Colleague: 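Please read through the structure below; I'll follow up with questions.
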Amino acid sequence: MPAAFNGVAALKPSYGRFAADHRIMGQESMSASQLIPVDGPIARSVADLRAAYEALAGADLEDPRAVPVPAYGPRPTGPLKVGIVADPAGVGVHPQIRAAIDEAATVLERAGYAVEEVQIPRLSETLECCGKLIMTEFGVKWPRIRKPLTEKGAQHLDLLMERAPHTELAEFLGQSGARLGIQRDWVKFLDSYPLLLGATCPPATGQGGHQYRALPHRSHPAPEQGGAACRRQVGSRSTGCRASGAVVGDP
């Protein structure tokens, strides 16, 4: 989100790519907080993100989740298929955002990529699943999480927990199982489309102002489901259109 509104670039890595420490006041994270959040850099450009990625990628004894794999895999042998996700939530996008996505798709097609408009799998289920898992843990840990937050930060989480109240144990365990099925579908989807290009926060103007929906990080589900996402603002400040685009890739 910060990259989306400040004209910079951000990298949301796949799970296990970067080491991280999400302990709060010395206490270890619970299961959803171990599996879903990932940390990544914000930089002035994609070139700067590459430098940060190469410095951060790799294993660390302080984080057993980080895996000792090469920073880069083998080069693809043929033209990559790129899935274009112009309207991920189906609520419409600003014409300037759509134009920017179409322009990027044309550039990729001219460079030899196979470009195709697609629908991402199980978006609403993914957002519901991740929301329930995360907000249930936040509800349990809220007194401890609340202490280091500012008033605005606490208000933001209060509103999120009101929208997605924490669940009972049986529902939480059921959503843990549902998450595995969603991951399986995303792995198959990214096997067919190793790159996705789309709007991450396409504003759909309606009553009450702008409403924002997200392109999964495998956005919002992409890193959570095993992929990686790179975001960059598209649109113009002068027109008030400040939404972002993302490239999501199979690690």
Side-chain angles (χ1 to χ4, degrees), residues 1-4 6 8-74 126 129-150 153-154 156-157 160-161 166 169 172-173 175-177 179-180 182-184 186-187 190 200 214 216-231 246-251:
M1 284 300 177
N6 290 283
V8 293
L11 174 65
K12 194 85 171 177
S14 54
Y15 176 86
R17 174 59 76 178
F18 295 167
D21 188 344
H22 294 153
R23 285 174 288 190
I24 297 176
M25 300 177 69
Q27 295 194 25
E28 299 287 358
S29 301
M30 296 183 188
S31 59
S33 298
Q34 293 174 27
L35 294 172
I36 295 176
V38 293
D39 300 336
I42 297 174
R44 294 167 298 179
S45 67
V46 174
D48 288 342
L49 285 182
R50 177 186 288 270
Y53 166 79
E54 291 173 351
L56 293 169
D60 189 301
L61 294 179
E62 289 296 321
D63 185 358
R65 300 167 301 171
V67 292
V69 296
Y72 301 103
T126 302
C129 176
C130 292
K132 286 182 176 179
L133 291 174
I134 293 170
M135 290 302 110
T136 296
E137 287 196 359
F138 272 31
V140 172
K141 299 187 295 184
W142 181 235
R144 188 165 78 249
I145 295 173
R146 173 65 183 84
K147 292 180 181 179
L149 297 178
T150 63
H156 174 69
L157 287 178
L160 286 176
M161 286 188 286
H166 68 268
L169 177 60
F172 182 85
L173 295 176
Q175 291 297 333
S176 298
R179 178 179 177 272
L180 180 61
I182 292 168
Q183 281 186 305
R184 184 178 296 111
W186 268 89
V187 167
L190 286 179
T200 53
H217 35 51
R218 213 192 18 189
S219 111
H220 276 278
E224 286 134 359
Q225 310 309 333
C230 179
R231 288 188 179 82
V247 175
V248 175
D250 187 14

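Please read these numbers as outputs of a predicted model, since none were measured by experiment. Atoms considered below: every heavy atom in the structure, side chains included; atoms not considered: hydrogens, waters and symmetry mates. Starting from 1, each residue takes its place in the sequence as its number.
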Colleague: Start with the C-alpha distance between Val38 and Ser14, add both sets of side-chain angles, then the distance that settles side-chain contact (heavy atoms from CB on, under 4.5 Å), and finish with yes or no.
Modeller: CA-CA 7 Å; Val38 293; Ser14 54; over 6 Å; no
Colleague: To the nearest 0.5 Å, how far apart are NZ in Lys147 and CH2 in Trp142?
Modeller: 12.5 Å
Colleague: For residues Met135 and His166, determine if any side-chain heavy atom of one lies less than 4.5 Å from a side-chain heavy atom of the other.
Modeller: no
Colleague: Looking at Glu137 and Ala32, would you say the former's side chain and the latter's main chain have a donor-acceptor pair under 3.5 Å?
Modeller: yes
Colleague: Enter the distance from Gln183:CD to Tyr15:OH here, rounded to the nearest 0.5 Å.
Modeller: 9.5 Å
Colleague: About how many Å separate NZ of Lys141 and CE of Met30, when rounded to the nearest 0.5 Å?
Modeller: 5.5 Å
Colleague: List the residues meeting side chain to side chain contact (heavy atoms under 4.5 Å, CB included) with Arg50, not counting sequence neighbours, and say none if there are none.
Modeller: Glu54, Tyr72
Colleague: Gln175 versus Phe172: any side-chain heavy-atom pair under 4.5 Å?
Modeller: no
Colleague: Heavy atoms only: give me the nearest Ala66-Gly58 pair and the separation to one decimal.
Modeller: CB-O, 3.6 Å
Colleague: Which residues pass the salt bridge (Lys or Arg N to Asp or Glu O under 4.0 Å) test with Asp63, not counting sequence neighbours?
Modeller: Arg65
Colleague: Between Thr150 (side chain) and Gly153 (backbone), is there a donor-acceptor pair under 3.5 Å?
Modeller: yes
Colleague: Do the non-hydrogen side-chain atoms of Leu49 and Pro41 ever get within less than 4.5 Å of each other?
Modeller: yes
Colleague: Check whether Arg179 reaches the backbone of Leu35 with its side chain - one donor and one acceptor, N or O, closer than 3.5 Å.
Modeller: yes
Colleague: Once you round to the nearest 0.5 Å, how far does CD1 of Ile145 lie from OG of Ser33?
Modeller: 6.5 Å
Colleague: What is the minimum heavy-atom distance between Ala43 and Asp48, and which atoms define it?
Modeller: CB-CB, 3.5 Å
Colleague: Which residues pass the side chain to side chain contact (heavy atoms under 4.5 Å, CB included) test with Val67, sequence neighbours left out?
Modeller: Val69
Colleague: Does Leu173 have any side chain to side chain contact (heavy atoms under 4.5 Å, CB included) partners at least two apart in sequence or in another chain, and if so, which?
Modeller: Leu169
Colleague: Are Leu160 and Phe138 packed together at the side-chain level, in the sense that at least one heavy-atom pair is separated by less than 4.5 angstrom?
Modeller: no
Colleague: In Å and rounded to the nearest 0.5 Å, what is the CD1 to NZ distance from Ile42 to Lys12?
Modeller: 9.5 Å
Colleague: Quick one: side chain to side chain contact (heavy atoms under 4.5 Å, CB included) partners of Arg23, sequence neighbours excluded?
Modeller: Asp21, Glu28, Glu62
Colleague: Quick one: pull up CD1 in Ile36 and CD1 in Ile134 and give me the separation to the nearest 0.5 Å.
Modeller: 4.5 Å
Colleague: Sequence neighbours left out, what passes side chain to side chain donor-acceptor pair (under 3.5 Å) with His22? Give chain and number order.
Modeller: Asp39
Colleague: Distance-only, no hydrogens or angles: does the Tyr53 side chain make a donor-acceptor pair with backbone N or O of Ala71 under 3.5 Å?
Modeller: yes
